[in-house]
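Here the structure comes first, spelled out in structure tokens, and everything after it is commentary.
Indexing begins at 1, ligand by ligand and atom by atom, following the structure's order. Sequence positions, counted from 1, serve as the residue numbers for this chain. Note that the structure is predicted; figures quoted are calculated from it, not measured.
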Amino acid sequence: MLNLDMFRPVRGMKDLYGADLAKYNYIIQKAIKVSTKYGYKQINTPVVEYTEVFQRSIGSETDVVSKEMYTFIDKGGESITLRPEGTAGVIRAIVSENLTQKLPLKLMYYGEMFRYDRPQKGRYRQFRQLGFEHIGDKGPYVDALTIAMASEILNSIGSFDFKILVNTLGDEETRENYTKAIVKFFSRHENELSEESKARLKKNPLRILDSKDSGDKEICSMAPMITDYLSKESGKYFEEVCRLLNNFGLNYEIDSFLVRGLDYYSHVAFELKSTANNYKDSLGGGGRYDKLLNMFGGPDVSGVGFAFGIERLILTLENANFFGEPKKTAVIPVSDEENDDALNLLKLLHNCDINAEFICSGNLNKKMKIANKLDCELALIIGENERKDGTIMVKFMNSSADNPKSKSVNYNQIVQFVKNNLHS
Ligand code: AMP
């Protein structure tokens, strides 16, 4: 028996076309425009890497690596993984392509990421990220500028409300002291922790703070805060970042439990969340990483980066009713005799930035049906009479009692007429 499920996209993955693809491209173009202003250039790395690339950098105790990776043994017996995020591959590329000579670098990428998670609204197994990495410069001004750029990208793609959550994961000294404090705290609550968090307590206690278990979350809300364990230097660094964010007039909040789900962050970590419609999942996030380049055999330099989930941005814009279907008009010759005049009219409309489709198959009735299917708001009809009179017959496709069904318009007034009557 033929299994028809085989011909559907794999669970958690989607075909992307039509209006959705246009939204995807729109967001990328806006992000390229803003990040180019800040000096970012594009990089494109493979969608698969050796598994080790992610294990070493993201951390083997993180949910992403321990539960969500698409890992395969290829025909050569190598363990390879579909990338779950973009930073590790970009840093690997900087080292293996010898781009370290060119540091500092500002790189942006976009493309498919894969995580084997439970699919739900805004969470897919194949999704797209738009990411930015600034490598080889360290200082509060770099972190603050990166957060400012993330915010500017969101502002450039549409108008919706969002907030920026920031925290610091401090330096190594901070994390050592903080880890001791939370081990002490969680050990007192060990019996109440989920099985998974009990295991984390032994292997990577910081990851307990990422737990999605509701019981764990309750305990976490009473845990010590990292901001109370900052080394002097880390404290000063974070204060300076916050001062600069204030100077930029950014709407941010300090969230002392924000640790992000990946192991490589140090100092500043941040997340951007939509505040509209109580959409809780984050739109994007990132932070500073001190050890990543070194981990891949590169120099001991630091970087800062972040990524947006493109599907999440699309959902947010849709919630804000940002994407209306582009309005368009149909240009219809009654018979082949009028084709040339109709094409001239089409060119005139296109030159004036009006969306217009040329419809020339079948009789007039069929052409009108096609115009309807294409969701054209107006049909501009040219027949023998119109050619003689220098007019166009305009039909309103969604006529109602208040709207006349059609109107004859002078050819030299048609552009203005269409602009006035095509709702954008
Ligand atoms: P992360 O790499 O985990 O820091 O995620 C960065 C951003 O990618 C998140 O804020 C989301 O917008 C997006 N993202 C992460 N996982 C998924 C997923 N499974 N489906 C859709 N978007 C995701």
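Of the listed options Y124, F306, F127, F127 places a heavy atom closest to atom 17 (C) of ligand 1.
Protein heavy atom closest to atom 21 (C) of ligand 1, with residue, atom name and distance, is G122 O, 3.2 Å. Taking atom 4 (O) of ligand 1 as the reference point, the nearest protein heavy-atom neighbour is R260 NH2, 2.3 Å. Counting only heavy atoms of the protein, atom 13 (C) of ligand 1 lies nearest to G309 CA, 3.6 Å. Distance from atom 10 (O) of ligand 1 to its nearest protein heavy atom, with residue and atom name: S282 OG, 2.7 Å. Atom 11 (C) of ligand 1 has R312 NH1, 3.2 Å as its closest protein atom, hydrogens excluded (heavy atom only). Looking at atom 12 (O) of ligand 1, its nearest protein heavy atom turns out to be L283 O, 3.0 Å.
With values rounded to the nearest 0.5 angstrom, D63 atom CG is found 5.0 Å from R200 atom CZ. Atoms CD and OG1, on Q55 and T81 in that order, are 7.0 Å from each other to the nearest 0.5 Å. For the atom pair CD of Q42 and OG of S35, the computed distance is 7.5 Å after rounding to the nearest 0.5 Å. Note: S66 OG to K203 NZ = 8.5 Å, rounded to the nearest 0.5 Å.
Classification of the F308-F306 ring pair by plane angle, with boundaries at 30° and 60°, yields perpendicular.
Heavy atoms of Q129 found under 4.0 angstrom from ligand 1 belong exclusively to the side chain. Residue contacts with ligand 1, taken as heavy atom pairs separated by less than 4.0 Å, involve R115 solely via side-chain atoms from C-beta onward. Looking at V64 against ligand 1, nothing comes within 4.0 Å, counting heavy atoms.
Between the side chain of T36 and the main chain of I32, a donor-acceptor pair closer than 3.5 Å is present.
The closest approach between a heavy atom of R123 and any atom of ligand 1 is below 4.0 Å.
Counted within 6.0 Å of CD on E233, heavy atoms from surrounding residues, nucleotides or ligands total 12 or fewer; the atom is thus considered open.
The closest side-chain donor-acceptor pair between R175 and T179, if any, does not fall under 3.5 angstrom. Side-chain contact annotation: Y178 with D228, donor-acceptor N/O pair under 3.5 Å absent.
Remark: ligand 1 atoms within the under-4.0 Å shell around heavy atoms of G284 are 10 (O). Ligand-side atoms of ligand 1 in range of A307: 6 (C), 7 (C), range being under 4.0 angstrom from any heavy atom.
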